[in-house]
Amino acid sequence: MLQAIELTKRYEDEQLALDALSLDIKAGEIFFLLGANGAGKTTTINLFLNFIEPTSGKILIDGIDVVQNPLETKRHVSYVSENVMLYGNFTARQNLDFFAKLGGKTRLTRHDYYTVMRNVGLQEEAFEKKLKTFSKGMRQKVGLAIAIIKDAPNILLDEPTSGLDPKSASELMQLLLQLRSRGKSILMCTHDIFRAKSAADRVGIMKEGRLVMLRTREQFLQDDLERIYLDYMQEAMMDAETVNERTVEKPSKQ
Amino acid sequence: MEAPFKTLVIREIQGAIIDFRFWVVLALCLSIIPLSFYVSVKNYSQRLSDYQQEVQSYRDRTSVHSHMAAEGVHPPSPLSIFSQGLGNRIPYKVITSNDGNYRIEYAKPDNKQDLLGEIDFAFIVSFVLSILAIVFTFSAISGDKESGVLRGTLSNAVLRRQVLMAKLFGNYLVFLIPFLFSILVSLLVVYFSGIIPIFSTELFPAVMVMTAISLIFLFAMFNLGLWISALARNSILSVNVLLLIWIVLGLVVPKISPIIGSVIYPVESTGVYESKKAILRLNIMNELEKEERDLFLKIRNQLRPGAEGVDGRWTDVLSAYDEQYAPVREKYDQLLASETEKLVNDYALRCNRQNDFARNIARLSPVYAVNCLMAELSATGYSELEHFIQQASVYQKYVEQNYYDKMKFKIYRDEGGYMTKNAGNREDRPTEIPVLENYKSVGIGQVLQQNRVDIMLLCLYSLLFFVCGFISFLRFDVR
């Protein structure tokens, strides 16, 4: 279970990245967090991973406070980034072995690694190949295999389908649905409204660090989710343009 | 060992071994270290042979007489195969004189040496391996930051300090394998050459200490590499900053420190100093001669007025002169000793002040500290230089007491010239020429005692770079 309670993050330069975000993602639920660039999606993931500390509010993973027990909470969470970067000189299996051991799975066999890699759709001949020869899609699959093999009850994904071809993206979504059926709480940050519509249990839209819309599956299937999201995106783009104009104007005033 | 730490260390070891840099280090260590020892042993053998020939030639050409210039030749140090140190700036021999003076000679530059000097173990450790340590570490953290692997690693239940320590120890262990293995091979090369008993109780402790010092130095360079790697945003920046630091520490600081020392505390050259010493002696001896002459004339005029010339029959004059001359001679001996001592001490003090100042600046560089320690332990450094100069004075005194004093003759001067007469018994005259036998270079205990600051500095640099790297890594923003 992933929980954010009135979570606020203000950086040293006074930029407000997250403003009183409250989330509650239950076991067996896929939550899609949508938003434009700079909306605060990655900041939310960084806070769950304790890469940064919140200015105020609380973050809990399975009821454990992330700030107070960062190591313990990391045992309860797997993470897949936008660009899964692993050790290029290691094979897929060696990477899996390393991250599995880091995740506390020390007794796994080569057979276990092969099974997981097969499950994520990686081709057999790639298992013992060095990762530096892999395409982005193949690396994402290894990343997902790492998240699966850790078998943590919560999974954080930061735009995992970005740059993937439609087939690979679709396979990845199928895997997420399988993981949901095994009771995992999944938080997926993305721009991909169509994947959200097909797989999400709940959707949240973020704008300027605030959660401006929250819909359950029934609600967003009734509403026109694309229309709502595009409106927010357009607003965000206009806001960004205004900010850019201001920034450009500044030097000319001086 | 905690499970994640063990996993991290094993990954670092595996990662380092499959990296081409490891094979470069292995190839370089296994080729240049044994080769440098092989060449150094050959050089030592040549220098030993030169030394033996020099001593033999001295024995053959020199006979025992009151004007002989006894020569004490400095034997080459067998440990110089580790470091040439000061090289030709180490005194080659001391030449005594019956007037109480002695001079030190330095070896002429070796034809074999080129502009950049010789490659010895100290050079390989302080220059080649220190660069390789930087090459090994520059991307250890910055590379993982760039690629995003660090983000993935830290999303697991691992502590940052575990990641840093694993990177440090994993890479350092892999680096040490070719280094230590090549040292072992080199020692066997030296041993089987049959020229230097490298595993003897006399030499082996110094070898062990030099190896330990190399390990501490390389550890410091590893920590420096990791520190900059933790600070830098990417590997390109990291390697550029590290190379700049290396240039400053390895080349600029050690080379510029003697220049700063000589500008702030200028000291005349050894040649000028030796001339000053000789002039001082000459002036005092001239005064003495004048006084001798005056005294003799006074006594002669009192006891044999009107007689000219000096001959041996004037026993009354000569014995009266001997009696009155003794305190005069003593007065001048004391004057000479005190004035010479003043000059020597003043020169030594100014030289030491200049050297100490230069060395203290140079100590800012661990590259200098390790080179200095290697030279000292190889008996080719400043301690050995000072030790030989001290021994030179001891040798002069020994020759004076055991040879010149036993062959002393009395001089009687008047307006027409001088007459000499043997002072001692003929039976007491030595028959064998003096040699500088059983010369012992400065011992390892004394070297360690005298250079404890450099040893502590090397440890301090390791600790300082480690702490800086640790803090930088803890503060690094994973975002």
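All figures in this text were calculated on a predicted structure; none of them were measured in a lab. To find a chain, count down the sequence lines: A is the first, B the second, and so on, and within it residues start at 1.
Side-chain atoms of A/Asp192 come within 3.5 Å of backbone N or O of A/Arg195 as a donor-acceptor pair. When atom types are taken as modelled, the side chain of A/Ser185 and the backbone of A/Lys26 share a donor-acceptor pair closer than 3.5 angstrom.
Among A/Phe90, A/Phe98, A/Tyr87, A/Phe48, the residue making the largest number of heavy-atom pairs under 4.5 Å with chain B is A/Tyr87. Ranked by non-hydrogen atom pairs under 4.5 Å with chain B, the options A/Leu156, A/Asn50, A/Asn89, A/Ile45 are led by A/Asn89. The residue among A/Asn46, A/Ile52, A/Thr42 with the most heavy atom pairs within less than 4.5 Å of chain B is A/Asn46.
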Exercise for the section: Check the pair A/Tyr113, A/Gln94 against side chain to side chain donor-acceptor pair (under 3.5 Å), reporting the backbone distance first and the verdict last. Expected result: CA-CA 9 Å; A/Tyr113 297 132; A/Gln94 284 173 323; over 6 Å; no
Exercise for the section: Before giving the answer on ring-ring contact (aromatic ring centres under 6.0 Å, His included), spell out for B/Phe22 and B/Phe175 the whole-Å C-alpha distance, their side-chain angles and the decisive distance to 0.1 Å. Expected result: CA-CA 7 Å; B/Phe22 168 74; B/Phe175 192 84; 9.3 Å; no
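Using a 4.5 Å cut-off between heavy atoms, B/Leu150 makes no contact with chain A at all.
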